[in-house]
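Report on the structure given below.
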Number of protein chains: 2
Amino acid sequence: MTATQAVPFTAVTFDDGFWAPRQAALRTTTIPFLYEQCAKAGMIAALDVHAPADGLPIEFQVTPLGTKPATPVMYWDSDIGKWIEAAAYTLATQRDAALEALIDDLVTRIEAAQEPDGYFNSYFQRRVPDKKWSNLRDWHELYCAGHLIEGAVAYAAATGKTRLLAVMRRYADLIGRTFGDDPGMKRGYCGHEEAELALVKLYRFTNERRYLDLARYFIDERGRQPHYFDAEAHARGDDPANWYHHTYDYNQSRLPVRAQNKVTGHAVRAMYLYTAMADLAAEDADADLRAACERLWQDLTGKRLYVTGGLGPSWTNEGFTRDYDLPNDTAYAETCAAVGLVFWAHRMLLMTGESRYADVMERALYNGAVSGISLHGDRFFYENPLASRGGVERWVWHLCPCCPANIARLLGSLGQYVCSTGPDELSIHLYGQSHCRARLGERHIALHQQTRFPWDGDITLTIDPPTPSRFTLRLRVPEWSPAFTVSVNAVLVAAPSLDRGYIRIDREWAAGDRVMLSLAMPPRLLSARPELVFDLGRVAVQRGPFIYCIEESDAGVDVERVALDAAASISVGFEPELLGGTGILELPGWITRAPNGHAALYSDQPPAQDLVSVRAIPYPLWAHRGPGTMAVWLRRAG
Amino acid sequence: MTATQAVPFTAVTFDDGFWAPRQAALRTTTIPFLYEQCAKAGMIAALDVHAPADGLPIEFQVTPLGTKPATPVMYWDSDIGKWIEAAAYTLATQRDAALEALIDDLVTRIEAAQEPDGYFNSYFQRRVPDKKWSNLRDWHELYCAGHLIEGAVAYAAATGKTRLLAVMRRYADLIGRTFGDDPGMKRGYCGHEEAELALVKLYRFTNERRYLDLARYFIDERGRQPHYFDAEAHARGDDPANWYHHTYDYNQSRLPVRAQNKVTGHAVRAMYLYTAMADLAAEDADADLRAACERLWQDLTGKRLYVTGGLGPSWTNEGFTRDYDLPNDTAYAETCAAVGLVFWAHRMLLMTGESRYADVMERALYNGAVSGISLHGDRFFYENPLASRGGVERWVWHLCPCCPANIARLLGSLGQYVCSTGPDELSIHLYGQSHCRARLGERHIALHQQTRFPWDGDITLTIDPPTPSRFTLRLRVPEWSPAFTVSVNAVLVAAPSLDRGYIRIDREWAAGDRVMLSLAMPPRLLSARPELVFDLGRVAVQRGPFIYCIEESDAGVDVERVALDAAASISVGFEPELLGGTGILELPGWITRAPNGHAALYSDQPPAQDLVSVRAIPYPLWAHRGPGTMAVWLRRAG
């Protein structure tokens, strides 16, 4: 049992200006659009494992470089699983027969393909049926299983339809019979973590402890000596020394997970692993595993996290490099990694109740994760750089289309991140105009947030217990807010008690009680540690949960020509017609003036500067108005 | 005839602290080292065109990535030619029987390989004998001929030995019979310019006008429609639209050269073309061609020249990109391109007598060109970035070893850039302690420079005509010097007349006359035009001809953590034990202090800074003390 429980995602209905339109776009645009792209790419036809491998009409792949033919790849099942999961979340709040028919058709295909022993992997079954479980290091067999399990759980939870769940339980049971310490079993685990957290979800939904045990097995076996990936390579006749990625840091298996203290390798894999570790630490009250999670958290947030909550700077390994290596314009910062960080942060928050985890969760959610999808819901970033020299736009589809369904499933299940409950406690983690129905033990509490958040820090919460009822309300004080006031029924709470970063109000609540929380939300100028050399002499601007950026379409010039006057004050505004209605900042500063065309390239005189005010927009809204230059870290003047 | 004549390179003997040691290293280290590397790489054995192609012991190639096998490549003859040229320059001042024996052996091989009609190209003759003259666009046939011609002229000039010259004249004559407008001739020219300037040299050495005419043919034919490279591709059965480089801008043939006004494509090719264009403009007093040169010069120096005199920012085309695109750490800035710019600038200077050409020549020579070779003479840069994030060092050899011999031949022939003569005029372009013997008509003038230049701007010139003699002495006032005084025999010249950037002293000179020129040489802080976005908020430090840089080995930290205080004064010093003895600058500024290890990555407080003085060294001396970070453009504080 975790210390506190997330509310179900269905418990919260957003009614705000930021998330509600995105959830609407998810339903109306993203979900059908992703299905269509998967179909066009041949990913759905590929589920038919009995069709000849070469006869598949797979000639479509939209890449940033154009359309090209493609062949099925080993991770396609995972994208089907993630799409089902994302679609299921939209069904939970609003059933849709046509959409369910599409999902049921996929389930029928998967069910038909499943082998008698429970195995299902469309790639292996058709392309390399003799290679099952032979290369866990590189091939995404368990990873695909994990995503399909997550999809199955979500679809069952949303609709009560359990056909896919039954398929995946049979598969999970086969996996449980295949992997373990008993004689004849494989002592392996997946090179791409994912099954672990999925099995925890399966356990929580079915209450079958064997799934939790299997997750724990994968976690604890990881990185043990003799190393499974060595043995497995030798069994294939490969020399593990020839591996492309050189080090098991790539998939977080160089050391047993409890001995790890450095965040390494492929960023998405790392986040999925740590999420499962946190799940298990909470389920088992495993202090040792929790300590490992906390060490890794400290390493991530202290050395390798972008100010946007993006992570994994390098294209080469899609992941982490050396300490403090956070370049801006070449930042990989995969959307999936930021989504994974939201997962991990959420688990840490639920386990500890500490606001510092919610701070990072919010940072990643509002910035590095949601930047991965366009406002309209049909264009996607795989990489989320913090600066663009121009030419960067969201794409329609990708050779490895992992990110779109990942951000889609996060948006679809957003409600669960808003608050959490204990037997006598209701904690509010995220603010935003919304209705929530939370259960404290047997008490059903309605909670209404009225606010212009994220554009304003004033939040009115209306608490509606069915009968007067004593419990603790915990209200997060975000790290971006230097001051707050809180009142209950118009009476100011003097010196409110603080508990792990939350205001703690312990009283008997009656229907209609109103809590007014006023979070100061001044624009902040953030400086980076000097080891972050790409940010030296620069500042990032934050207000509330958003990191702001400037774009060429607002600055009128290459954004690098803008220097921010750190001594002057920033104006806060709201533009109802801009980007669906958004808060903006007006940044005071200077634009370096271009001399006349015949002036020398280099001169003893510094170039003249013009005093300006440049509009900044929230980072996730960038790249909606053409491929001009963009910057988060602005040169600091004054 | 050019307006003024360069002195022969043999006319000047350096006796200074900067060039003299490098010329000594050239003779003692670089020339034997390069021969050895060519031999190891199989490049000398490859000259034997009658040996079986597959039997060659070519298994050596040292690259930045290690040693790997190699096969002969189409441009190897050019490297042999350049090595002969560089070696010849050292022989001109000091004969060396052993070295001449090596060269004579190469000549014997080339002579033996030459076909009866005069053709010689070791790659084509052995590997693709049926493909001669079939792909001028991509294959470097005429380019190789050009470098061998340059080598032949230099060797003949240095030693009087004309066997290679005779071989190359036969080849040049064949080329002259092959290319032209007459029926049956090819209307082509080389995709990699070089033969043009070589033919001008051959003309000047032999006084045979047909070589000048052939150079002019290649120049004027270039870029004409119907385009030769189109026709040639069609003749091979290729579709020219499929060409890898997409645009004839790559080899400066999209337009006829007289219609060009933009410096495009491969930087070395461009420099060699413009050098030949300037040669021809001067030889023919061709105002139209000179105007094209001046337009291209304006484009280069106004939009696409690094402050180091490096050029061609992009690895992709080894050349030019869009206007003002001058990134620092990814700068390609090939050594050969800077060497080529010295050639072109020299031709422009001789044609016009204008100091602005000498300014660029000096900038490239002292910075972006000589940085390509180590002090010891046996390590080389192909690329010359203006910033390093660490890990960059000169290499021993390269798959395409064009740069070492190029910088070697420049160093070997440096004397010719020092001054030039007209019938009644002696112009001093470069300063440095040296002895010069210049001929003005029939008068032999000895000229001695006594100076600590480039570390100091005081120069004492002793003029020794054989008999008292009237002529004009022109002394360049470099653009980096904001003030000067000049005296003749200790009498200050009041308000000296200036002529195209030169002090002009017209008098009767007698043996022992002393001119004292005092050039102010303050440290300068250069700012770039704001279109050079990578330099925004930054300054480069120049003193005298050198651009200075800071290195991690001096700063003690990543150089990006240093910010220069632009308001404080810079100290000038000299370190006799450092890097062979070098001038240095002590830059006042701040180093951003690292907070304690547990501090947050991002903070509302700007990081603390420590007041420091950081040593800067001349840019060409970088990367002699380990692979730490380096920067030319420093963040500007204050």
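Each chain gets a letter, A, B and so on, in the order the sequences are listed, and its residues count up from 1. Values in this document were obtained by computation on a predicted structure and should not be read as measured data.
- Interface residue Gln605(A): only backbone heavy atoms are found under 4.5 Å from chain B.
- Residues Ser527(B) and Ser603(A) have side chains not in contact (no heavy-atom distance under 4.5 Å, counting atoms from C-beta outward).
- Ala594(B) touches chain A through backbone and side chain together, each having a heavy atom under 4.5 Å away.
- Note that CG of Asp558(A) is 11.0 Å distant from CG of Leu532(B), once rounded to the nearest 0.5 Å.
- Among the candidates Pro607(B), Gly537(B), Pro595(B), the residue making the largest number of heavy-atom pairs closer than 4.5 Å to chain A is Pro595(B).
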Quiz item: side-chain contact (heavy atoms from CB on, under 4.5 Å) between Leu526(B) and Asp604(A): does it pass, once the steps are laid out?
Solution: CA-CA 5 Å; Leu526(B) 295 179; Asp604(A) 296 275; 4.0 Å; yes
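- Checking Arg304(A), Glu531(A), Arg529(A) one by one against Leu601(B), the side-chain contact (heavy atoms from CB on, under 4.5 Å) holds for a single residue, Arg529(A).
- Interface residue Ala599(A): backbone and side-chain heavy atoms are both found under 4.5 Å from chain B.
- The two residues Leu536(B) and Glu560(A) make their nearest non-hydrogen contact at CD1-O, 3.0 Å.
- With a 4.5 angstrom heavy-atom cutoff, Arg561(A) touches chain B via backbone and side-chain atoms both.
- With contacts defined as side-chain heavy-atom distances shorter than 4.5 Å, the pair Gln609(B)/Pro530(A) does not qualify.
- Atom CZ of Arg635(B) sits about 11.5 Å away from atom CZ of Arg635(A), to the nearest 0.5 Å.
- The candidate with the highest count of non-hydrogen atom pairs below 4.5 Å against chain A, out of Gln542(B), Arg593(B), Arg389(B), is Arg389(B).
- If you measure heavy-atom distances from Thr629(A) to chain B, you find no contacts under 4.5 Å at all.
- A 4.5 Å side-chain heavy-atom check between Pro606(A) and Arg636(B) finds at least one atom pair inside the cut-off.
- Side-chain atoms of Tyr602(A) come within 3.5 Å of backbone atoms of Val307(B) as a donor-acceptor pair (strictly under, hydrogens ignored).
- Contact of Ile591(B) with chain A is not made at all, since no heavy-atom distance falls under 4.5 Å.
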